[in-house]
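Before any comments, here is the structure.
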Protein chains: 2
Amino acid sequence: MQLDEMVETINEQWTDIYYLLHYVYDDNLSHQAIRLLQYIEKNEKATIGDLAKHLKVSHNTASEHTKRLMKKGLVTKRRSRTDERKVFVALTEKGRNVLYRHTRLDRDKLRKVLENLSPSDLEIIQKAFSVFSEGVKQCLR
Amino acid sequence: MQLDEMVETINEQWTDIYYLLHYVYDDNLSHQAIRLLQYIEKNEKATIGDLAKHLKVSHNTASEHTKRLMKKGLVTKRRSRTDERKVFVALTEKGRNVLYRHTRLDRDKLRKVLENLSPSDLEIIQKAFSVFSEGVKQCLR
DNA sequence: AAGAATATATCTTATAATAAGATATAAATG
DNA sequence: CATTTATATCTTATTATAAGATATATTCTT
């Protein structure tokens with residue numbers, strides 16, 4: 001079918017783009033650590049329990065994950081004022097940068113690629129990403 | 001500047017799309033393991049030495065990485081016929097699937113999103129990914 | 001106010017991943 | 001035949017990951 005073919009093609013192009021444009025990571029963060037940072041970025045009021053549920057690990061493991069990330073200066077903790085049992089975990093500036101370096105496209109490489117494209121191609125890309133990301137958000141939220 | 005702004009916007013949309021469409025991984029592969037599988041996929045004649053160089057680890061570590069992945073059934077090894085000191089590492093079918101589940105967009109989720117878009121939007125997305133991935137390959141190879 | 005429930009932290013223990021040095025082996029090269 | 005190259009293995013060390021047991025503080029319930 002037409003649509004299945006498009007799914008395949010886009011997936012190949014997607015991974016090609018990421019493979020060639022991703023950052024070269026210097027640090028050595030684990031998969032779980034990235035997932036944690038990612039979840040925290042998208043959910044600003046994430047608690048230890050939320051993280052445990054999301055990563056499907058026990059609460060003590062989530063607590064230790066957070067401790068490790070805090071030791072590395074990637075997240076901070078602050079108690080909730082309305083319920084002082086709860087602890088909100090948030091990204092530090094450094095944490096945000098590290099996360100970006102593990103999930104985003106390398107800014108300089110991306111810029112160089114875009115510089116070599118025509119204005120009309122740029123317009124199409126802009127429009128496509130806008131339509132695509134909107135479609136994703138509407139469809140899955 | 002206009003282009004820097006576009007770089008930022010695309011990066012945000014890029015990570016939003018990936019965050020919402022990526023597979024839910026059941027296995028727990030390390031970052032290094034994924035990098036290895038990814039390199040092997042893109043470079044079919046990858047040797048242990050190549051992997052060591054690419055991951056910036058010692059040859060014995062690369063050898064052990066490969067051994068672990070082989071034990072999990074994700075890669076195979078075969079000696080070079082022209083130079084029997086060399087060992088080529090290749091992905092198994094299972095390895096390819098695991099890699100896809102860690103780098104690609106979830107096929108079913110992606111399909112559902114595309115189903116909800118208009119034919120003209122689909123066309124724009126198709127064109128954009130084609131232009132973008134081509135641009136990346138030309139610019140960085 | 002007392003007891004139950006909730007949220008997190010810590011301690012202990014166990015396993016696996018990661019990494020490198022030392023050493024070994026086999027093949028190719030000069 | 002000695003040297004270099006490519007990989008494998010053995011040993012050792014560190015760190016990550018994870019869960020159970022237990023502790024503590026806070027909130028909720030009655």
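Below, chains carry the letters A, B, ... as their sequence lines are ordered, and counting in each starts from 1.
Of all the residues in residues 57-68 of chain B, B:His59, B:Asn60, B:Ser63, B:Glu64, B:Lys67 reach under 4.0 Å from DNA chain D with at least one non-hydrogen atom. DNA chain C is contacted by A:Lys77, A:Arg85, A:Lys86, A:Val87 of residues 76-88 of chain A, taking any non-hydrogen atom closer than 4.0 Å. Using a 4.0 Å cutoff on non-hydrogen atoms, the parts of residues 40-54 of chain A near DNA chain C are A:Thr47, A:Ile48, A:Gly49, ordered by number.
Of all nucleotides in DNA chain D having an atom under 4.0 Å from a heavy atom of chain A, the first and last in 5' to 3' order are D:dA16 to D:dT27.
Annotation for A:Val75 and A:Met70: closest pair O-CG, 3.3 Å, computed over non-hydrogen atoms. Heavy atoms only, all atoms of each residue included: A:His102 and A:Tyr18 are closest at O-OH, 3.1 Å. The two atoms that bring B:Ala33 and B:Leu69 nearest to each other are CB-CD2, 4.1 Å, heavy atoms only.
Atom NZ of A:Lys112 is surrounded by 12 or fewer heavy atoms from other residues, nucleotides or ligands within 6.0 Å. The environment of B:Lys53 atom NZ is sparse: at most 12 non-hydrogen atoms of other residues, nucleotides or ligands sit within 6.0 angstrom.
For the pair A:Lys42 and B:Asp16, the salt-bridge criterion is met [side-chain N within less than 4.0 Å of a carboxylate O]. Between A:Arg111 and A:Glu115, at least one side-chain nitrogen of the basic residue sits less than 4.0 Å from a carboxylate oxygen of the acidic one, meeting the salt-bridge criterion. Under the 4.0 Å criterion applied to side-chain N and carboxylate O atoms, A:Glu64 and A:Lys71 are not assigned as salt-bridge partners.
Take B:Arg68 and apply the side chain to side chain donor-acceptor pair (under 3.5 Å) test, not counting sequence neighbours, and it matches B:His65. By the ring pair (Phe, Tyr, Trp, His ring centres under 6.0 Å) test, A:His54 pairs with A:Tyr39, sequence neighbours left out.
Between B:Trp14 and A:Trp14, the angle of the ring planes stays under 30°, which puts this pair in the parallel group of the 30/60° scheme.
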Quiz item: What do the steps show when you test B:Asn60 against B:Ser63 for side-chain hydrogen bond (donor to acceptor under 3.5 Å, both in side chains), and what is the final call?
Solution: CA-CA 5 Å; B:Asn60 39 15; B:Ser63 175; over 6 Å; no
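Rounded to an integer number of Å, the gap from CD1 of B:Ile34 to P of C:dA17 is 13 Å.
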